[in-house]
Amino acid sequence: MSHDCSQPTGPDGIYPFDARGVAKRFRHAAIFGALDSLNPGEVMRFCNDHDPLPLLNQIAQFFGPRVKVAYVSRQPGQVIIDFLVAA
């Protein structure tokens, strides 16, 4: 199954974030800012070219159970993760 990072998919409240287009030195700050701006029940659909395990650990430490992580795709070169902000 193919997944597209460039367009919102599914219900309203899913916002795409393609990290591949953000300079590496700004990437984590941009991701944290985007997550912090979401309202409860909204989802950020995150795209990257690799599995961002250190980032996921940082998100878990910073946001705790407020942000849920669900992989949509773990294909080499295209990792897609939905970050859901809990109510």
Side-chain angles (χ1 to χ4, degrees):
M1 174 181 251
S2 175
H3 299 282
D4 185 2
C5 293
S6 63
Q7 298 295 322
T9 59
D12 290 340
I14 297 179
Y15 300 96
F17 186 103
D18 193 339
R20 299 170 296 186
V22 179
K24 287 186 180 187
R25 68 183 297 195
F26 303 125
R27 200 171 286 171
H28 283 208
I31 293 163
F32 274 73
L35 287 171
D36 202 37
S37 71
L38 292 175
N39 294 316
E42 293 181 328
V43 173
M44 181 175 83
R45 176 152 293 164
F46 172 83
C47 274
N48 205 8
D49 55 4
H50 65 278
D51 202 349
L53 298 177
L55 172 67
L56 296 180
N57 288 333
Q58 290 176 347
I59 288 171
Q61 290 174 355
F62 187 81
F63 291 102
R66 182 174 163 242
V67 174
K68 309 286 186 212
V69 175
Y71 280 88
V72 176
S73 172
R74 278 182 122 163
Q75 300 301 314
Q78 185 180 22
V79 175
I80 303 172
I81 302 170
D82 280 353
F83 293 106
L84 168 67
V85 176

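In what follows, every heavy atom counts, from backbone to side chain, and hydrogens, waters and symmetry copies are set aside. In this chain, numbering begins with 1 at the start of the sequence shown. Keep in mind the model is a prediction, meaning the values are calculated, not measured.
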| message | Pair Phe17, Val22 - check side chain to side chain contact (heavy atoms under 4.5 Å, CB included), show working. | response | CA-CA 9 Å; Phe17 186 103; Val22 179; 4.2 Å; yes

| message | Under 4.0 Å between a side-chain nitrogen and a carboxylate oxygen: does that hold for Asp82 and Arg45? | response | yes

| field | Side-chain heavy-atom pair Val79, Pro52 within 4.5 angstrom cut-off | value | yes

| Is there a side-chain contact between Val72 and Ile81, using heavy atoms and a 4.5 Å cut-off? | no

| note | What one should report as the nearest heavy-atom pair of Arg20 and Gly77 is NH1-O, 4.1 Å

| message | Counting C-beta onward and ignoring hydrogens, is there a side-chain heavy-atom pair between Ile31 and Phe46 closer than 4.5 Å? | response | yes

| If every non-hydrogen atom of Ala86 is compared with every non-hydrogen atom of Pro65, which pair is closest and at what distance? | CB-O, 3.9 Å

| Heavy-atom distance under 4.5 Å between the side chains of Gln78 and Asp49, does that happen here? | no

| Ring centres under 6.0 angstrom apart (Phe63, Phe32) | yes

| Which atom of Asn48 lies closest to which atom of Ala19, heavy atoms considered | OD1-CB, 4.0 Å

| message | Tell me the closest heavy-atom pair linking His50 and Arg27, and the distance in Å. | response | CE1-NH1, 4.5 Å

| message | Phe83 vs Leu56, test: side chain to side chain contact (heavy atoms under 4.5 Å, CB included). Steps then yes/no. | response | CA-CA 10 Å; Phe83 293 106; Leu56 296 180; 3.7 Å; yes

Compile the donor-acceptor pairs under 3.5 Å between side chains in residues 34-42 and protein atoms, sequence neighbours left out, one pair per line.
from  : atom 1 : to    : atom 2 : distance (Å)
Ser37 : OG     : Ala34 : O      : 2.8
Glu42 : OE1    : Asn39 : N      : 2.7
Glu42 : OE2    : Tyr15 : OH     : 3.3

